[in-house]
Amino acid sequence: MFGLFRTYLALWVVASHIIALPFVGHYAVHGFFILSGYLMALVMNGVYGYSPQGTATFALNRILRLFPSYWVVLILTVGVVLILGEEVTSTYRPAIFLPTTAAEWLQNITMIFASWIPLSVQPRLAPATWALTIELFYYALIGLGLFRWRHLTWAVFILSLGYHITTIALELRYGTRYAFIVAGALPFSIGGLIYHYRFWFEQRSPDIRLTYLLFIPLFALLPAIASWLRQQGIDYPASGMFYVNMALNAVAVGWLAKPSQRFDSPADRFIGDFSYHIYIAHWTAALIAAHYIVGVARPNTTLEGGIVFVLTVLICAALSLLLRRFVDAPVEQLRTAAKRRRAAPGLDQA
């Protein structure tokens, strides 16, 4: 039901990084956070349950879902850095250089970067994984019951909304709202509320195809407006687009979550399975495309940058097919076996 949506968000992250499009990657990341909040609340309440066994099975499945493919990408990235040299890789993306301490290696292996603003930690061999630190943090809390009850989910939402309002009132920098672990509570709790009110959305949601037709142009338009406002020196309305986008993503997730109309076709699943691999591997793929094929030193908005973007997507797609065949397929058998006794129909993608 969310396959096309997930890959669409992942492609915007790639475009933001490789073509240096402002804002759109930020918007996509928080779209992922909202979707994760919804899906994790859904599977914890509807599949695993909150018994010790259920929580442990949930944790095991999250590990099996995220880490095997990532470790392959990590090894590939280490190879690229060794071949190209750290001067080349860190010029293209400053975070991409080899760890030098055990702590740095451990953070890169676990995707748990030891900072309340994980985006600030370097090196990150797969730079986008700072957001996975935030994902893992909230997975743990959700597994422990953060969104188990509606009133608790509302409390998290209200407190996190208060945090965001406070950062704006105090004129704190944008990163405190975008990349700070605490700030992630807002999009995650929005996803949790969508779970608790999913039947309300059921009664008000249009056809899923219309959701995509409305969402795609709006999602592309908002960062363009924010960028134009920022160029005019109008900062706060530009920052406001961040929250307009969050609302837009919430509506999209709510509409796509219609219980009686899940768009869960094999084609949707096939497309959606590209999303995670694109997200974790696109910087590595971009380094290969930029250095060996196009010959550019940094991400840019030129035609060459556009060519690197296209090649990056193609390399990621090819890598994804290999990962799905040789890594994800065997691991998926383990995941399915772990939750077979509890899983409800249609939830095995979570």
Side-chain angles (χ1 to χ4, degrees), residues 10-22 24-26 28-29 66-115 118-133 179 274-328:
L11 290 173
W12 275 119
V13 171
V14 179
S16 173
H17 291 159
I18 307 309
I19 317 179
L21 294 181
V24 67
H26 301 181
V29 166
L66 296 177
F67 284 96
S69 290
Y70 168 68
W71 286 332
V72 174
V73 171
L74 189 67
I75 293 169
L76 177 61
T77 306
V78 169
V80 170
V81 174
L82 290 173
I83 293 169
L84 294 181
E86 291 185 344
E87 183 177 353
V88 171
T89 61
S90 62
T91 297
Y92 196 76
R93 177 67 176 182
I96 305 178
F97 58 93
L98 294 180
T100 58
T101 68
E104 290 176 349
W105 278 110
L106 183 62
Q107 289 178 90
N108 277 272
I109 291 169
T110 62
M111 293 191 286
I112 300 174
F113 296 100
S115 171
L119 179 60
S120 66
V121 177
Q122 294 186 0
R124 299 190 315 278
L125 289 166
T129 51
W130 68 267
L132 272 298
T133 298
F274 286 105
S275 62
Y276 181 60
H277 300 144
I278 289 173
Y279 185 81
I280 61 175
H282 67 273
W283 278 112
T284 306
L287 279 168
I288 295 170
H291 183 77
Y292 285 111
I293 304 175
V294 181
V296 296
R298 293 181 176 85
N300 59 75
T301 55
T302 65
L303 175 61
E304 290 178 333
I307 294 172
V308 173
F309 167 75
V310 172
L311 291 172
T312 296
V313 173
L314 293 176
I315 293 170
C316 284
L319 177 61
S320 177
L321 292 174
L322 292 172
L323 289 171
R324 286 150 72 169
R325 172 66 179 84
F326 295 106
V327 179
D328 291 353

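Basis for what follows: all heavy atoms, side chains included, without hydrogens, waters or symmetry-related copies.
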Trainee: CD1 of I315 to CG of L319: how many Å apart, nearest 0.5 Å?
Mentor: 9.5 Å
Trainee: Can you confirm whether V121 sits close enough to W130 that some side-chain heavy atom of one is under 4.5 Å from a side-chain heavy atom of the other?
Mentor: no
Trainee: F67 vs W71 aromatic rings, parallel, tilted or perpendicular, using cut-offs 30° and 60°?
Mentor: tilted
Trainee: Looking only at atom types and distance, does a side-chain atom of T133 sit under 3.5 Å from a main-chain N or O of F113, one as donor and one as acceptor?
Mentor: yes
Trainee: For residues Y92 and I18, determine if any side-chain heavy atom of one lies less than 4.5 Å from a side-chain heavy atom of the other.
Mentor: yes
Trainee: If you round to the nearest 0.5 Å, how far is OG1 of T301 from CZ of F309?
Mentor: 14.0 Å
Trainee: Does some side-chain heavy atom of I307 sit less than 4.5 Å from a side-chain heavy atom of T302?
Mentor: no
Trainee: If only atom types and distance count, is the side chain of E86 paired as donor or acceptor with the main-chain N or O of L98 below 3.5 Å?
Mentor: yes
Trainee: Grab the two heavy atoms, one from Q122 and one from P94, that are nearest each other, plus how far apart they are.
Mentor: OE1-O, 3.7 Å
Trainee: Does H282 reach the main-chain N or O of Y279 with its side chain, forming a donor-acceptor pair under 3.5 Å?
Mentor: yes
Trainee: Which atom pair, heavy atoms only, marks the closest approach of S275 to A10?
Mentor: O-CB, 3.7 Å
Trainee: Closest heavy-atom contact between A131 and V29?
Mentor: CB-CG1, 4.2 Å
Trainee: With a 4.5 Å heavy-atom cut-off, do L82 and V78 have their side chains touching?
Mentor: yes
Trainee: From I19 CD1 over to L303 CG, what is the distance, rounded to the nearest 0.5 angstrom?
Mentor: 10.5 Å
Trainee: Would you say S320's side chain and C316's backbone share a donor-acceptor pair under 3.5 angstrom?
Mentor: no
Trainee: Once you round to the nearest 0.5 Å, how far does CG of L76 lie from CD1 of I288?
Mentor: 5.5 Å
Trainee: Show the nearest heavy-atom pair for residues P299 and H17, with the distance to one decimal.
Mentor: CB-O, 3.2 Å
Trainee: Donor-acceptor pair, T91 side chain versus E87 backbone, under 3.5 Å?
Mentor: yes
Trainee: For I96, does its backbone N or O pair with a side-chain atom of T89 as donor and acceptor, under 3.5 Å?
Mentor: yes
Trainee: Apply side chain to side chain contact (heavy atoms under 4.5 Å, CB included) to V73 and H277, showing your working.
Mentor: CA-CA 9 Å; V73 171; H277 300 144; over 6 Å; no
Trainee: Is there side-chain contact between Y276 and L323, with heavy atoms separated by less than 4.5 Å?
Mentor: no
Trainee: Do you know the tightest heavy-atom contact between N108 and P123?
Mentor: ND2-O, 3.1 Å
Trainee: Using a 3.5 Å distance criterion without hydrogens, assess whether the side chain of T129 forms a donor-acceptor pair with backbone atoms of L132.
Mentor: no
Trainee: Are the side chain of Q107 and the backbone N or O of A114 linked by a donor-acceptor pair below 3.5 Å?
Mentor: yes
Trainee: Roughly how far apart are F274 CZ and R324 CZ, rounded to 0.5 Å?
Mentor: 4.5 Å
Trainee: Side chains of L125 and W105, heavy atoms from C-beta outward: is any pair under 4.5 Å?
Mentor: yes
Trainee: With no hydrogens and no angle check, is any side-chain donor or acceptor of S16 less than 3.5 Å from a backbone partner on L21?
Mentor: yes
Trainee: Answer yes or no: is there a side-chain heavy-atom contact under 4.5 Å between L287 and Y292?
Mentor: no
Trainee: Report yes or no: does D328 contribute a side-chain atom to a donor-acceptor pair with the main-chain N or O of S69 at less than 3.5 Å?
Mentor: no
